[in-house]
There are 2 protein chains.
Amino acid sequence: MSPMHYTRDNMAGLLRGHDINPTHQRIEIAYALFSRQEHLSADQVMAVVNTRHSETSKATVYNTLRLFLEKGLVREVIVDPCKVFFDPNTSPHHHLYEVDSGKLSDIDAEHVQISGLPPLPAGMVTEVIDLIVRVRRKD
Amino acid sequence: MSPMHYTRDNMAGLLRGHDINPTHQRIEIAYALFSRQEHLSADQVMAVVNTRHSETSKATVYNTLRLFLEKGLVREVIVDPCKVFFDPNTSPHHHLYEVDSGKLSDIDAEHVQISGLPPLPAGMVTEVIDLIVRVRRKD
DNA sequence: CAGCAATCTGGACTTTGTCTAATTTCCGGA
DNA sequence: TCCGGAAATTAGACAAAGTCCAGATTGCTG
Ligand SMILES: [Mn+2]
Ligand SMILES: [Mn+2]
Ligand SMILES: [Zn+2]
Ligand SMILES: [Zn+2]
């Protein structure tokens, strides 16, 4: 399969495929995330979407990101208190967080093995396993 | 070794051992965490310390918890946006987080194996690896 | 006791996110 | 095309968690 190329035009299909009614604002927010393929905070999404002229409100950015989450279009990464990142990559993967700079990058899950976890409490099911490697500059 | 029994009296020694000048407030905050051996948020620490009568300010609670962090007396666990938990257990271990109830419990690291992590970026050193198993009630 | 550094404090402030009531947009039927 | 209602968006008030600061208190040491 050829490398996916994200345009505003194919955002509508992506949204429909996740049972999300594609509106102008939703397309812009999805495009911000998927065209960059980066971890963005709500604030950053807000800034990207409103670069040219203010066209999407704070409430809509937050509502839309939560909608994307519920529909499984994006994933949430919590590395910093009070700063949620939204991740367009929903395939299972881990994260490397540089605490000094705040830089967050992906770790491919393919070669990572986690074994020996104890059984879950009765009646519980795993939602996700978050593995975050926190690193800092040596000395 | 016999199971440790935490009292206000031995908090002073614990603090000194971590290069922290033991004051009344610091002893109370350490005692709140270590006598319970639980994960507490700043708010919860605040509530515990001020049960009888108000004696420790919000600023001191936050400053003290950050001081404990820097000195390696406690560890920070970030599972929920905008709610940091402080953990008196600084030995390497992992966490189980029940997303519905907010209940946070320890997973012993002894039998958990994480392998296949890629090499770190040059000049970086691992501060901590956080493994969080997020679970929810089945159906 | 006086001087001085460390610590503590109330309260203003910031950041991130939520909520709500009012408006706008969208769409199907008459 | 026009109308009515549902869905979506909006501004701005509000809330929660945490930071900051200038002034007060504490506890040494000389
Ligand atoms: Mn536009
Ligand atoms: Mn007391
Ligand atoms: Zn990612
Ligand atoms: Zn723990």
Side-chain angles (χ1 to χ4, degrees), chain A residues 11-12 15-16 18-33 39-50 52-71 73-87 99 102 104, chain B residues 11-12 15-16 18-33 39-50 52-71 73-87 99 102 104:
Chain A
M11 285 303 103
L15 293 177
R16 279 193 210 94
H18 283 263
D19 214 15
I20 299 167
N21 187 21
T23 64
H24 178 64
Q25 286 87 341
R26 289 171 180 175
I27 286 172
E28 288 296 321
I29 291 171
Y31 183 67
L33 283 162
H39 309 90
L40 298 181
S41 66
D43 250 18
Q44 292 174 313
V45 169
M46 184 84 162
V48 168
V49 161
N50 289 331
R52 298 186 165 282
H53 49 283
S54 179
E55 56 182 21
T56 306
S57 72
K58 186 172 64 151
T60 296
V61 168
Y62 278 95
N63 288 343
T64 299
L65 289 171
R66 234 179 351 151
L67 177 68
F68 286 3
L69 258 187
E70 278 163 22
K71 298 295 189 177
L73 183 63
V74 302
R75 168 177 170 178
E76 182 178 42
V77 184
I78 302 172
V79 285
D80 218 43
C82 264
K83 190 68 160 249
V84 175
F85 285 99
F86 295 88
D87 191 343
V99 293
L104 180 65
Chain B
M11 286 301 104
L15 293 177
R16 279 192 210 94
H18 282 263
D19 213 16
I20 299 167
N21 188 21
T23 63
H24 178 62
Q25 286 88 342
R26 289 169 182 177
I27 286 171
E28 288 297 322
I29 291 170
Y31 183 68
L33 283 161
H39 308 91
L40 297 181
S41 65
D43 251 16
Q44 292 174 311
V45 169
M46 185 84 163
V48 168
V49 161
N50 290 331
R52 298 184 166 284
H53 48 284
S54 179
E55 57 183 20
T56 306
S57 71
K58 186 172 64 150
T60 296
V61 169
Y62 278 95
N63 289 342
T64 300
L65 289 170
R66 234 178 352 149
L67 177 69
F68 286 3
L69 258 188
E70 279 162 21
K71 298 294 190 178
L73 182 64
V74 302
R75 166 176 170 178
E76 182 178 41
V77 184
I78 302 171
V79 284
D80 218 41
C82 268
K83 192 70 159 242
V84 173
F85 286 99
F86 294 88
D87 191 343
V99 293
L104 181 65

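Please read all numbers here as calculations on a predicted model, not as lab measurements. The figures here come from the full heavy-atom set of this structure, side chains too, leaving out hydrogens, waters and symmetry mates. In the text below, chain A, chain B and the rest are named by the order of the sequence lines, each starting its count at 1.
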Participant: Nearest-Å distance, NZ (A:K83) to C1' (C:dG17)?
Facilitator: 12 Å
Participant: For A:A32, give me all partners under side-chain contact (heavy atoms from CB on, under 4.5 Å), at least two apart in sequence or on another chain.
Facilitator: A:R36, A:V48, A:V49
Participant: Considering residues at least two apart in sequence or located in another chain, which fulfil the side chain to side chain donor-acceptor pair (under 3.5 Å) criterion with B:S41?
Facilitator: B:Q44
Participant: Round to the nearest Å and state the distance from A:Q25 atom CD to C:dT23 atom P.
Facilitator: 18 Å
Participant: Using salt bridge (charged side-chain N to carboxylate O under 4.0 Å, His left out) as the criterion, list what pairs up with A:R75, not counting sequence neighbours.
Facilitator: A:D130
Participant: List for me each residue that meets side-chain contact (heavy atoms from CB on, under 4.5 Å) alongside B:M46, sequence neighbours excluded, and say none if there are none.
Facilitator: B:N50, B:K58, B:V61
Participant: A:R16: which residues meet the side-chain contact (heavy atoms from CB on, under 4.5 Å) condition with it, sequence neighbours left out?
Facilitator: A:A12, A:P22
Participant: Rounded off to whole Å, could you give me the NE2-to-C1' distance for the B:H24 and C:dT9 pair?
Facilitator: 14 Å
Participant: Over how many whole Å does the gap from B:D80 atom CG to C:dT16 atom P extend?
Facilitator: 17 Å
Participant: How close do B:L65 and B:V74 get, counting heavy atoms only, and between which atoms?
Facilitator: O-CG2, 4.4 Å
Participant: Using heavy atoms to find the nearest nucleotide of DNA chain C for B:T56 and B:P81 separately, return the residue whose nucleotide is more 5′.
Facilitator: B:T56
Participant: Does any non-hydrogen side-chain atom of A:H39 lie less than 4.5 Å from one of A:V79?
Facilitator: no
Participant: Between B:T23 and C:dC8, is there a contact of a side-chain N or O with OP1 or OP2 at under 4.0 Å?
Facilitator: yes
Participant: Send over the distance from B:I29 CD1 to C:dT7 P, rounded to a whole Å.
Facilitator: 13 Å
Participant: Which residues pass the side-chain contact (heavy atoms from CB on, under 4.5 Å) test with B:E76, sequence neighbours left out?
Facilitator: B:L69, B:I78, B:V84
Participant: Of the residues in residues 57-64 of chain B, which ones touch DNA chain D at a heavy-atom distance under 4.0 Å?
Facilitator: B:K58, B:A59, B:Y62
Participant: CE of A:M46 versus P of C:dT16: gap in Å, rounded?
Facilitator: 12 Å
Participant: Name the first nucleotide and the last nucleotide along DNA chain D (5' to 3') that come under 4.0 Å of a heavy atom in chain B.
Facilitator: D:dA17 to D:dC20
Participant: Specify the separation, in whole Å, of atom CD1 of A:I27 and atom C1' of C:dT25.
Facilitator: 14 Å
Participant: Going by the rule salt bridge (charged side-chain N to carboxylate O under 4.0 Å, His left out), which residues pair with A:K71 if we only count those two or more places apart in sequence or in a different chain?
Facilitator: A:D19
Participant: May I have the distance from A:I20 (atom CD1) to C:dC26 (atom C1'), rounded to whole angstrom?
Facilitator: 18 Å
